[in-house]
Amino acid sequence: MTTLLEHKEAIREVIDLFAILEIDVAEQAKLFTADAHVEVYAADGSLMMEFDGRDKLVELFGGAMAAVKTAYHFNGQQVITVDGDTATDIHYGKALLVQEQDGKDVLTDHSIRYTDTLVLTDGKWLISRREQHFVISETRPL
């Protein structure tokens, strides 16, 4: 019998694995259900992107990450609520991305708030819904 703490640790691992995979979008997609729903919001609250499914995640996030030379992600505060075979995870993260603009490297620094719904499928936690808010985004020369 799996305890609440074991479920929470397994969910933390999914969230942290997403971060350490950095720009490997194909591997990140495996952490989502096949029909996952994703919404991405800009700092002003406007909806930037909304889609369903792993294939669309690979297409859209892969396209966005294609120009990234180096990425560094890390997670901060996190609250997990488990209710049977579903869970909610709210966490904060940073995504630092190095890209080239006009022949020079620039750093984009995103402060992000995620609200994820996860489902326990075949003994494994997967993200079935992600709401991603870019709270602060800044681009500057390196």
Side-chain angles (χ1 to χ4, degrees), residues 2 4-142:
T2 306
L4 177 61
L5 290 177
E6 289 170 324
H7 282 302
K8 286 186 173 190
E9 184 56 32
I11 291 166
R12 277 187 195 91
E13 190 167 315
V14 169
I15 300 306
D16 286 344
L17 184 55
F18 181 89
I20 67 168
L21 286 168
E22 296 176 343
I23 59 175
D24 190 342
V25 178
E27 287 299 311
Q28 288 175 329
K30 294 176 184 177
L31 303 171
F32 290 76
T33 61
D35 63 347
H37 180 77
V38 177
E39 297 173 10
V40 180
Y41 293 87
D44 66 3
S46 63
L47 182 64
M48 296 171 50
M49 185 184 309
E50 182 175 13
F51 60 88
D52 293 305
R54 283 183 189 145
D55 292 340
K56 205 65 167 169
L57 186 145
V58 170
E59 175 190 333
L60 295 174
F61 282 22
M65 298 304 286
V68 174
K69 295 168 68 172
T70 304
Y72 182 78
H73 295 97
F74 57 97
N75 295 322
Q77 301 91 331
Q78 181 178 40
V79 175
I80 300 169
T81 305
V82 178
D83 184 11
D85 288 348
T86 63
T88 301
D89 170 85
I90 300 171
H91 70 279
Y92 289 80
K94 293 281 279 178
L96 304 169
L97 310 172
V98 177
Q99 297 172 284
E100 188 177 310
Q101 288 182 359
D102 300 323
K104 296 182 181 183
D105 284 347
V106 296
L107 174 71
T108 301
D109 183 343
H110 295 296
S111 297
I112 308 166
R113 182 182 68 250
Y114 298 92
T115 301
D116 293 335
T117 301
L118 297 96
V119 293
L120 188 59
T121 306
D122 297 325
K124 186 176 178 183
W125 287 100
L126 297 173
I127 301 166
S128 63
R129 178 178 171 80
R130 167 162 280 184
E131 191 176 300
Q132 176 176 332
H133 291 264
F134 289 101
V135 179
I136 302 169
S137 293
E138 175 189 17
T139 300
R140 61 186 178 269
L142 276 179

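Heads up: numbering here begins at 1 and tracks the sequence.
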Separation between [atom1] of [X] and [atom2] of [Y], rounded to the nearest 0.5 Å:
X: I80; Y: T88; atom1: CD1; atom2: OG1; answer: 10.0 Å
X: E39; Y: R130; atom1: CD; atom2: CZ; answer: 12.5 Å
X: M49; Y: L47; atom1: CE; atom2: CG; answer: 9.5 Å
X: K30; Y: L57; atom1: NZ; atom2: CG; answer: 13.0 Å
X: D102; Y: E100; atom1: CG; atom2: CD; answer: 9.0 Å
X: D105; Y: K69; atom1: CG; atom2: NZ; answer: 3.5 Å

Give a yes or no answer on whether the side chain of [X] reaches the backbone of [Y] with a donor-acceptor pair at less than 3.5 Å.
X: Q28; Y: E22; result: yes
X: D116; Y: L118; result: no
X: T117; Y: S128; result: no

Compare every heavy atom of [Y] with every heavy atom of [X], then report the nearest pair and how far apart it is.
X: F74; Y: L96; value: CE2-CD1, 4.4 Å
X: N75; Y: I15; value: ND2-O, 3.4 Å
X: W125; Y: H7; value: NE1-ND1, 3.1 Å

For the [atom1] atom on [X], are there more than 12 heavy atoms of other groups (residues, nucleotides or ligands in this structure) within a distance under 6.0 Å?
X: D24; atom1: CG; value: yes
X: K56; atom1: NZ; value: no
X: D83; atom1: CG; value: no

Are any non-hydrogen side-chain atoms of [X] and [Y] less than 4.5 angstrom apart?
X: Q78; Y: D89; value: yes
X: L21; Y: L31; value: yes
X: F18; Y: H73; value: no
X: I11; Y: V82; value: yes

Any residue meeting side-chain contact (heavy atoms from CB on, under 4.5 Å) with L126, in chain and number order, not counting sequence neighbours: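 Checked L126 against side-chain contact (heavy atoms from CB on, under 4.5 Å); matches are T33, R54, T121, K124.
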Under the side-chain contact (heavy atoms from CB on, under 4.5 Å) test, residues paired with E13 that sit two or more places apart: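 In terms of side-chain contact (heavy atoms from CB on, under 4.5 Å), with neighbours along the sequence ignored, E13 is linked to no residue.
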Which side-chain N or O atoms in residues 133-142 pair as donor and acceptor under 3.5 Å with protein atoms at least two apart or in another chain?
{"residue": "H133", "atom": "NE2", "partner": "E131", "partner atom": "OE2", "Å": "2.7"}
{"residue": "S137", "atom": "OG", "partner": "H110", "partner atom": "ND1", "Å": "2.6"}
{"residue": "E138", "atom": "OE1", "partner": "R140", "partner atom": "NH1", "Å": "2.9"}
{"residue": "T139", "atom": "OG1", "partner": "T108", "partner atom": "OG1", "Å": "3.1"}

Plane angle bin for H91 and Y114 - parallel if under 30°, tilted between 30 and 60°, otherwise perpendicular: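 Because their plane-to-plane angle is under 30°, the rings of Y114 and H91 count as parallel.
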